[in-house]
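Since the structure comes first, as structure tokens, the remarks are kept for the end.
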Amino acid sequence: MIEYLQKLISQALTDLKIEYDDEIVLERARRPEHGHFTANIALVLSSRLRKPPLRIATEIRDLFPEQPDLIEKIEIAPPGFINFFIAPAAFQKIVTQVLAKGDNFGRNDIGRGRKAQVEFVSANPTGPLTVGHGRQAVLGDTVARILEWNGYVVDREYYYNDAGRQMRILGQSVYIRYRQLLGYDDELTKEHYQGEYIREIARSILDQHGDKYDGQSDHAIFRQSAEEAVFTDIRDTLAELDIVFNSYYNEKSLYEDGLIDDVLKRLAERGATYEKEGAIWFRAGKYGAGDDRVLWKSVVDEATYRLPDIAYHETKIKRGYDLIVDIFGADHHATYPDVLAGLQALGYETDRIRVLIHQFVTLTRGGEKIKMSTRQANYVTLRELIEEVGKNVVRYFFIMRGMTSHLNFDLALAKTESDENPVFYLQYAHARICSILRNAVAKGFNDDQRGDLSLLAEEETLALLSTLDEFSEVCRNCSETLEPQPLTSFLHKLAATFHKFYTVHRVISKDRELSKARLDLVRAVRFVLANGLNLLGISAPERM
RNA sequence: GCCCCGAUAGCUCAAUGGAUAGAGCAUCUGCCUUCUAAGCAGAGGGUUGCAGGUUCGAGUCCUGCUCGGGGUACCA
């Protein structure tokens, strides 16, 4: 509906011989006396045209064609707003549109089938996923779902490194637990991984191989068993959130394929690196990324993390993605400018790369902070969180705040108040509608019978119709910003508008015609609720 | 020191530069003979951290502070 009004305003501007290339802003009015939509175009143009905004607004309004079935009236309000009051008939049409598109209502084709990749989680397999990883996992998967919904073909990729120092320490940790199980009094140090899972891995090695590896602390079995067990756990945990990666990328392959050396060589050829104190430095400053950084260490003969990161991102570009989304926690915000600078140094444009930085999760239990380090034993895993509150609540909580906000997750609250959780509010609306629809079948209403939509005219009904209309805008907005949070606000609003409608108006009544029209309406609401919940990966139950 | 994010109701958070800043939780008051009360209606609760600036108009943009979180490694 907004697009249509924009077109009409644009036409009016042309008629007035006013050039205006920016988007014509149309907002949903917050207050009923301001109509349904409001345009500030006259205020925006005022200073440029050196004309009072009220006059411009009036001129625009006077050029609007009469169409009583769409626009009831147009009011000009000081200091220069143009307020549109939409006719009920225009809102009533939305029901037809929703029912026609059904599961696909709200989709658009911004992506036009282009390839997108979302890389997220990317935790090295040193331990179970934490609650902090959970936020990133849910954010990444939801962004991927939004992109798919908006016409992209999306790959979900998990990047990891199983060769570094942390993995060696992991193996040693398993070995020490193994020794303890054999009766030795070896002790873990602060350096080692303390979690119970280490002991379990050690026990399984003991069960399978006995004391065969006693004295072989560097034996690969310790590290490999740990990696396999941890990765299996990570995969299973994510699967419980309905998050499935279709691609895993091992950093090691960058070395095996010679890409690390290759990138380093090409950077040198392009004069993007220099040697100092035996190390190879990258001229990050020259490419707009702040201070120069070491790419290749002198104290040890190996790369810093930046070099494989650059090589890895080059593969993303070479793999033909039109849109590349990187999701990082706030602790990694300093690394991506170097990567982008590195790509530019290699001659690439980086505007197809979108980096999303999300802030941390503060986990509390009854007001007390819980530290979330994989190294320490005392932390809450993502798996435990899912077991406590369930997939739907986890997904909703992690997405209900903007990614730039710190997220406060009180475990005690999430547990004790799970019955009053906002996610149930949305699901309840869906279940209620399903209940009505079951009742309709019992009363002999046919699914295919369409009602007379002009009967949908009460205040609460029109509010519901208007909210349905908003869904497409929210979807489009989310696909542009890659911020899923507004979807939760929208769904909450839709559910609230429905619940209010429900308490005021009875869907199935003796008035057969009105009942048919209202059934069409609630069917449409159900589709939009279900589509929105599905975008968030939250189930839409038919009964509760 | 420098860089990034935040600061809005008692708490957790919304609000593409728009009109009288909104929800949930918590606290009070009402509403189930009726398609699901996991719901609805109502009340109280605010100098949007501080000080300037930009303009028709600022919670939003700019500058400087204060406080909190994260970076600033030849750790990832």
Side-chain angles (χ1 to χ4, degrees), chain A residues 23 25-27 29-31 33-34 38-40 42-44 46-47 52-53 77-81 83 122-124 126 161 164-166 251 276-281 290-291 293-306 308-309 329-335 337 357-360 362 367 397 400-410 413 417-429 431-440 442-443 473 477 480-481 485-486 488-489 492-493 495-496 498-509 515 518-519 522 543-544:
Chain A
E23 192 187 356
V25 176
L26 268 159
E27 279 191 320
R30 290 195 195 170
R31 311 180 65 80
E33 59 266 35
H34 297 152
T38 178
N40 67 350
L43 291 157
V44 174
S46 172
S47 65
F81 293 107
N83 294 331
S122 296
N124 288 337
T126 57
N161 174 18
R165 175 168 171 271
Q166 301 308 324
E251 182 184 324
K276 191 174 90 181
E277 295 161 2
I280 299 175
W281 291 69
D291 299 334
R293 307 289 186 188
V294 169
L295 284 184
W296 199 273
K297 304 174 192 178
S298 62
V299 291
V300 194
D301 191 32
E302 64 181 26
T304 66
Y305 63 89
R306 292 189 180 84
D309 275 2
D331 55 338
H332 280 61
H333 78 39
T335 72
I357 306 288
H358 66 88
Q359 297 300 310
F360 284 166
T362 307
F397 267 65
M400 70 190 288
R401 305 297 181 216
M403 69 179 95
T404 57
S405 283
H406 289 87
L407 182 82
N408 197 313
F409 204 119
D410 192 316
L413 209 68
E417 297 201 333
S418 60
D419 276 6
E420 296 177 11
N421 214 287
V423 66
F424 291 112
Y425 184 77
L426 311 183
Q427 293 181 314
Y428 185 53
R432 257 185 164 175
I433 293 172
C434 291
S435 175
I436 295 169
L437 296 179
R438 283 191 298 270
N439 194 272
K443 295 256 170 70
E473 293 156 33
N477 186 34
E480 282 165 6
T481 60
Q485 188 278 333
T488 63
S489 295
H492 188 272
K493 179 180 174 186
F498 167 73
H499 284 310
K500 178 159 184 173
F501 164 84
Y502 175 91
T503 49
V504 179
H505 302 293
R506 210 183 150 72
V507 175
I508 300 170
S509 64
S515 300
R518 285 183 176 164
L519 280 168
V522 298
R543 294 171 202 273
M544 285 176 76

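Every chain is numbered from 1, with letters handed out A, B, ... down the list of sequences.
The residue A:T38 sits close to a base: some heavy atom pair falls under 4.0 Å. Among the atoms of the strands shown, base atoms are found under 4.0 Å from some heavy atom of A:H332. Across all strands, A:A77 comes closer than 4.0 Å to base atoms (heavy-atom distances). Base contact: A:Y428 has a heavy atom under 4.0 Å from a base atom. Across all strands, A:N408 comes closer than 4.0 Å only to sugar-phosphate atoms, never to a base (heavy-atom distances). Heavy atoms of A:D301 sit nowhere under 4.0 angstrom from any nucleic acid atom. No contact: A:E480 has no heavy atom under 4.0 Å from any strand. Nucleic acid contact class of A:A279 (heavy atoms, under 4.0 Å, all strands): base. Contacts of A:E277 with the nucleic acid, taken as non-hydrogen atoms under 4.0 Å apart, include base atoms. Residue contacts shown for A:S46 are absent, as no nucleic acid heavy atom lies under 4.0 Å away. A:G164 comes within 4.0 angstrom of nothing in the nucleic acid, heavy atoms only. Counting any heavy atom pair closer than 4.0 Å across all strands shown, A:Q427 reaches no nucleic acid atom. Note on A:H333: a base of the nucleic acid sits closer than 4.0 angstrom, heavy atoms only. Among the heavy atoms of the strands lying under 4.0 Å from A:A330 are primed sugar atoms or P, OP1, OP2 only; no base atom is included.
Take the nearest nucleotide of RNA chain B for A:R30 and for A:C434: the residue whose nucleotide is more 5' is A:R30. Both A:F360 and A:L26 sit near RNA chain B, but only A:L26 has its closest nucleotide nearer the 5' end.
Considering only side-chain N and O atoms, A:R306 lies nowhere under 4.0 angstrom from the phosphate OP1 or OP2 of B:A76. For B:A14, the OP1/OP2 oxygens have no side-chain nitrogen or oxygen of A:K493 closer than 4.0 Å. OP1 or OP2 of B:C4 has not a single side-chain nitrogen or oxygen of A:T404 nearer than 4.0 Å.
A:R293 has its CZ atom 14 Å from the C1' atom of B:A76, to the nearest Å. When rounded to the nearest whole Å, the span between CZ of A:R401 and P of B:A14 equals 6 Å. Regarding A:L426, its CG atom lies at a distance of 13 Å from the C1' atom of B:G39, rounded to whole Å. Distance, A:N421 CG to B:A26 P: 12 Å, rounded to whole Å. In this structure, A:H492 atom NE2 and B:A15 atom P are separated by 15 Å, rounded to whole Å. Rounded to a whole Å, the NE2 atom of A:H505 is 15 Å from the P atom of B:C40. Going from atom NE2 of A:H34 over to atom P of B:A15 covers 21 Å, rounded to whole Å.
Side-chain to base pairing of A:N40 with B:G18: one donor and one acceptor N or O lie within less than 3.5 Å of each other. Within 3.5 Å, no donor on the side chain of A:H406 pairs with an acceptor on the base of B:G6, nor the reverse.
For B:G39, the base is not stacked against the aromatic ring of A:Y502, per a cut-off of 5.5 Å between centres and 30° between planes.
Glycosidic conformation, B:C32: syn, with the torsion inside 90° of 0.
The same atom, C1', is picked in B:G22 and in B:G45; the two are 13 Å apart, to the nearest Å. Using P as the reference atom, B:C4 and B:G39 are 43 Å apart when rounded to the nearest Å. Annotation: B:C3 and B:U8 have their P atoms spaced 24 Å apart (nearest Å). For the C1' atoms, the distance from B:U29 to B:U33 is 24 Å, rounded to whole Å. The gap from the P atom of B:G44 to that of B:C35 amounts to 34 Å, rounded to the nearest Å. Here, B:A15 and B:A51 have their P atoms 25 Å apart, quoted to the whole Å.
Judged by Watson-Crick or G-U wobble contacts below 3.5 Å, the nucleotide B:C40 has B:G30 as its partner. Nucleotide B:U20 has no partner under the Watson-Crick or G-U criteria, as no pair reaches both atom distances under 3.5 Å. Across all strands shown, B:G64 pairs with B:C50; the Watson-Crick or G-U wobble distances both stay below 3.5 Å. Across the strands present, B:C2 finds its partner in B:G71; the criterion is a Watson-Crick or G-U wobble pair with both atom distances under 3.5 angstrom.
A:E302 is linked by a side-chain hydrogen bond (donor to acceptor under 3.5 Å, both in side chains) to A:K297, counting only residues two or more places apart in sequence or in another chain.
Among B:G18, B:C13, B:C74, the nucleotide with an atom closest to any side-chain atom of A:V44 is B:G18. Residue A:V25 has its side chain nearest to B:U16 when only B:C40, B:C74, B:U16 are considered. For A:F424, counting side-chain heavy atoms from C-beta on, the closest listed nucleotide (B:A14, B:A38, B:U20) is B:A38.
Under the 3.5 Å distance criterion, the side-chain polar atoms of A:T304 are matched with a main-chain donor or acceptor of A:V294. Checked by atom type and distance alone, the side chain of A:R401 never pairs as donor or acceptor with a backbone atom of A:H406 at under 3.5 Å.
Side chains of A:T38 and A:N83: a donor on one and an acceptor on the other come within 3.5 Å.
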